[in-house]
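Here is the structure we will look at.
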Amino acid sequence: MGLLDKLSGWLGLKKKEVNILCLGLDNSGKTTIINQLKPSNTQAQEIVPTIGFNIEKFKSSSLSFTVFDMSGQSRYRSLWEHYYKESHAIIFVIDSSDKLRMVVAKEELDTLLNHEDIQDRKMPVLFFANKMDLRDALSSVKVSQKLCLENIKDKPWHICASNAIKGEGLQEGLDWLQDQIAQSYQNNEQVKA
Amino acid sequence: MSSVESSGDGGRWLDAHYDPVAGLYTFSSCVDLADLSGDGESRLVVGDLGTGSSGMKLKVYRGTALMSESVLLDLPAGLVAFFMDLHEPRIPAVAVASGPCIYVYKNLRPYFKFTLPSLEINPLEQDVWQQVREGQIDPLTLKEMLESIRKKDDVPLSIRSLRFLSLDVNDMDEFVQLHRQQPIRRQTVITCIGTLKKSTADEDGVSCLVIGTENSNVFILDPEAFTILSKMSLPAVPTMMDVTGQFDVEFRITVACRDGHIYILRRESDKPKYCVELSSHPAGLVRIGKNVVVGCTDESLQGFTQKGKKLWKIILPAPITTMAAMDLPTRGFQGVLVGLANCEVHLYRDKNLLSTIKAPDTVTSICFGRYGREDGTLIMTTKGGGLMVKILKRTAAFDDRDSAPGPPLAQSVRLNIPKKTKLYVDQTLRERENGLAMHRTFQMDLSRTRLAAARAYVKALESSLTPVSSSLSEPLKMNAVVQGLGPSFKLTLNVQNTAACRPIMNLAISFLYDENLYKVRNPYMRIPLLVPGLIYPIETFVENTNDKGVSDVIKVFVLHEGKSSPLLTAHINMPVSEGSTLN
Ligand SMILES: Nc1nc2c(ncn2[C@@H]2O[C@H](COP(=O)(O)OP(=O)(O)OP(=O)(O)O)[C@@H](O)[C@H]2O)c(=O)[nH]1
Ligand SMILES: [Mg+2]
């Protein structure tokens with residue numbers, strides 16, 4: 001059973017559509033992370049740089065997930081914003097060993113958070129400080145400093161170090177994300193009631 | 001590692017890395033970017049000059065970290081990364097030019113050493129050293145003989161003889177003992193190095209090395225065998241060069257030389273094809289598309305076509321320290337980066353200043369290209385040995401407007417001027433040759449025209465022929481309208497008093513005409529009082545009594561009672577009576 005299946009099980013929700021946008025620079029490990037979430041029999045053996053984007057659907061007893069795995073190459077980054085409106089949560093992946101491009105990741109994150117379709121929404125943002133296994137990788141604390149995450153005040157966010165190849169650290173992040181989604185649905189329900 | 005504060009460039013660049021104590025002392029000619037491990041991530045390769053006498057190193061950076069360094073035996077004059085073979089994976093080799101040699105590194109390990117062919121040795125010098133070896137002459141005689149050979153100056157002395165001549169008398173013996181057994185050699189050194197694609201324009205196509213030498217030659221080397229494919233000679237020592245094209249097809253080598261000239265070499269010839277004489281010495285040379293941009297020591301930046309025609313020149317605020325091309329094909333952008341002694345780096349597109357980057361120290365080398373995974377990366381090293389990396393923002397835009405004050409853009413828009421025709425050229429020649437006569441003729445005709453006009457005017461005034469009376473007491477205007485087909489015509493005279501407020505009285509109209517042809521119903525009419533400004537139509541009928549289709553002029557006079565000369569005269573050209581011919 002894939003992680004997302006478990007996730008929806010715990011949530012105990014009716015089949016709801018949840019759109020998750022997976023963003024980050026090229027080579028940060030987005031596709032590798034999403035691949036890990038799939039049931040092991042459908043996991044791809046080889047991961048190639050994404051062209052444009054890929055859509056992965058996960059069905060569980062109560063939830064129906066759609067994950068948009070966007071390409072991080074600079075020529076495709078302009079596609080990201082077209083999916084902001086329909087998405088309910090964001091996973092932002094950072095290659096913590098790519099110190100040179102931390103500024104670029106920060107620039108893209110700032111642009112994302114200041115976008116009109118994101119700015120005023122209380123959607124959860126999960127950060128993966130990926131490739132923590134590499135020798136020169138920055139710690140998740142250092143990554144959040146570099147990206148100035150403490151400045152995000154109006155959105156719930158969480159960062160965890162991960163190793164997408166082994167699947168380490170992904171669980172912690174997804175647990176947090178499921179809580180956030182569950183909470184927001186409860187809030188919605190309360191509003192409706 | 002720390003970050004520089006805002007670079008003062010409208011936020012176009014991201015400050016990715018700045019290490020003020022990186023200990024990198026180099027020039028733009030010794031810096032290159034290349035994917036040295038074939039993993040899609042470009043590395044920075046630097047030939048570090050160290051202190052200038054020691055500590056020369058080949059350094060490779062990956063991201064923000066120094067990945068490897070190896071000792072260089074001599075000062076590097078230039079460094080290039082190039083593909084020397086077709087092996088997979090496609091990993092470029094690095095060539096470092098220093099002294100008379102090129103050291104080629106593959107996978108960052110020494111792979112091959114190429115040495116320039118030695119030069120011809122002065123036979124007299126050879127003889128003298130032969131005698132020294134046989135112990136026939138002492139160092140002092142050697143010195144004298146070498147000096148006399150040097151003065152004749154047909155073939156320069158070898159480095160060893162020159163070193164010997166510079167020695168103190170006490171050191172001479174030891175020097176001779178040490179060296180006399182070895183044969184003397186004369187060698188030139190490499191001053192600049194570039195690459196030239198062999199037969200394809202592909203990004204990873206095999207490239208030849210192109211080198212310029214101190215004895216004013218340019219060599220093109222085979223990438224695999226390192227044999228000399230082509231040798232060209234220049235009138236002066238090359239210091240910087242740019243190479244474009246393909247060796248097997250067509251190429252162009254633009255060389256800046258120590259005589260303050262720029263020479264352009266082409267495939268067909270071993271001598272320069274074009275030459276540009278600069279007003280001062282070149283400090284930087286960059287090719288943008290088909291044009292060449294040269295920075296000079298007189299603080300100017302100049303643009304030339306590939307044939308050496310000057311396009312523009314601008315004056316910079318400080319001396320140039322270094323120059324590099326900024327080529328960003330993914331965004332179709334090309335510009336020139338100019339490092340200045342006032343710690344600024346200016347970006348120009350043609351002569352327009354697009355942006356100014358402020359550096360914390362004087363920039364001595366600039367390299368722009370793909371570094372790591374980022375296409376638009378600007379790498380600079382400073383005089384103090386600092387390393388600075390900036391990344392062009394994805395959203396950065398450079399508008400074509402010049403950010404420096406100056407003439408408006410419209411001024412540089414070229415007008416669509418048609419080609420000169422033969423007629424035009426002939427006329428221009430004629431004008432150039434006979435200018436004086438043409439001017440005189442024109443002036444004479446002009447005077448004649450004026451005279452004729454003045455005469456006509458006087459005549460009109462004298463005979464009151466004008467339809468406008470300008471007399472002060474009776475300013476009048478009149479026009480006449482003839483209506484009808486004939487033989488009866490209606491003649492309407494519109495009379496107007498053009499005075500400001502005074503009415504005119506006691507006017508009359510009479511006609512003068514050929515009584516055989518016309519009969520006017522009222523040949524004499526009184527005009528009523530004329531109120532200023534109003535138009536008075538005065539009508540009468542004219543009958544053409546002739547049926548032969550002849551017409552004539554009827555003269556109309558406006559008269560003042562009691563005066564014989566008319567105030568106004570009008571000539572009416574009567575139309576041919578068509579009615580009579582119908583009968
Ligand atoms: N060492 C290490 N390598 C990783 C890790 N995660 C991903 N990678 C490697 O990083 C490379 C890029 O991973 P991708 O998943 O294709 O990256 P991406 O973010 O999808 O890239 P784009 O599709 O181009 O935007 C692959 O070679 C992965 O094997 C990690 O945690 N540790
Ligand atoms: Mg991907």
Side-chain angles (χ1 to χ4, degrees), chain A residues 23-32 46-51 70-82 92-116 129-131 134-139 142-143 145-148 165, chain B residues 1-7 9-19 22 33 35 37-44 60-68 328-333 357 367-380 387-397:
Chain A
L23 305 175
L25 301 188
D26 47 302
N27 199 48
S28 54
K30 300 178 291 294
T31 311
T32 317
E46 198 159 326
I47 296 201
V48 291
T50 311
I51 305 294
M70 306 300 294
S71 169
Q73 290 173 48
S74 64
R75 61 168 168 262
Y76 295 119
R77 278 179 222 156
S78 51
L79 290 179
W80 293 3
E81 61 181 16
H82 299 296
F92 198 91
V93 186
I94 302 122
D95 175 352
S96 21
S97 69
D98 192 352
K99 290 175 206 151
L100 192 75
R101 292 207 300 166
M102 276 303 160
V103 272
V104 184
K106 177 177 189 311
E107 173 74 13
E108 295 297 352
L109 175 65
D110 290 348
T111 314
L112 157 76
L113 294 176
N114 290 326
H115 192 276
E116 53 177 8
N130 195 31
K131 306 201 185 180
L134 293 179
R135 196 168 44 86
D136 47 355
L138 297 175
S139 69
K142 199 87 184 133
V143 170
Q145 273 173 11
K146 289 262 174 201
L147 299 186
C148 302
I165 290 184
Chain B
M1 193 173 79
S2 71
S3 243
V4 206
E5 322 87 277
S6 157
S7 51
D9 180 50
R12 291 194 186 97
W13 300 91
L14 298 169
D15 295 317
H17 179 61
Y18 175 48
D19 181 359
L33 291 163
D35 181 4
S37 35
D39 58 1
E41 232 182 277
S42 279
R43 311 291 150 93
L44 171 67
V60 180
Y61 278 82
R62 173 175 186 260
T64 57
L66 181 63
M67 196 177 89
S68 93
L328 200 54
T330 50
R331 291 193 223 166
F333 180 89
I357 301 164
C367 184
F368 182 90
R370 181 181 170 88
Y371 183 42
R373 296 182 166 270
E374 214 45 60
D375 282 328
T377 309
L378 171 62
I379 295 167
M380 299 177 279
L387 171 66
M388 211 180 321
V389 183
K390 287 178 186 286
I391 294 175
L392 189 67
K393 277 193 196 171
R394 180 168 62 89
T395 50

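In what follows, every chain begins at residue 1, and chains take the letters A, B, ... in the order their sequences are listed.
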Presence of salt bridge, Arg394(B) and Glu107(A), under 4.0 angstrom: no
What part of Ser97(A) is in contact with chain B, defined as an atom under 4.5 angstrom from a non-hydrogen atom: side chain, backbone, both or neither? neither
List the steps, then state whether side-chain contact (heavy atoms from CB on, under 4.5 Å) holds for Asp136(A) with Arg62(B). CA-CA 11 Å; Asp136(A) 47 355; Arg62(B) 173 175 186 260; 4.0 Å; yes
Rounded at 0.5 Å granularity, tell me how far OG1 in Thr395(B) sits from CZ in Arg77(A). 10.5 Å
In Å and rounded to the nearest 0.5 Å, what is the OG1 to CZ distance from Thr64(B) to Arg101(A)? 13.0 Å
Which atoms of Glu108(A) come close to chain B, meaning under 4.5 Å heavy atom to heavy atom: side chain ones, backbone ones, both, or neither? side chain
Given Val104(A), which of Arg373(B), Glu374(B), Lys393(B) fulfils the side-chain contact (heavy atoms from CB on, under 4.5 Å) condition? Glu374(B)
Residue Arg75(A) versus chain B: region with a heavy atom under 4.5 Å: neither
Quick one: closest heavy-atom pair of Ile391(B) and Leu100(A), and the distance? CD1-O, 4.0 Å
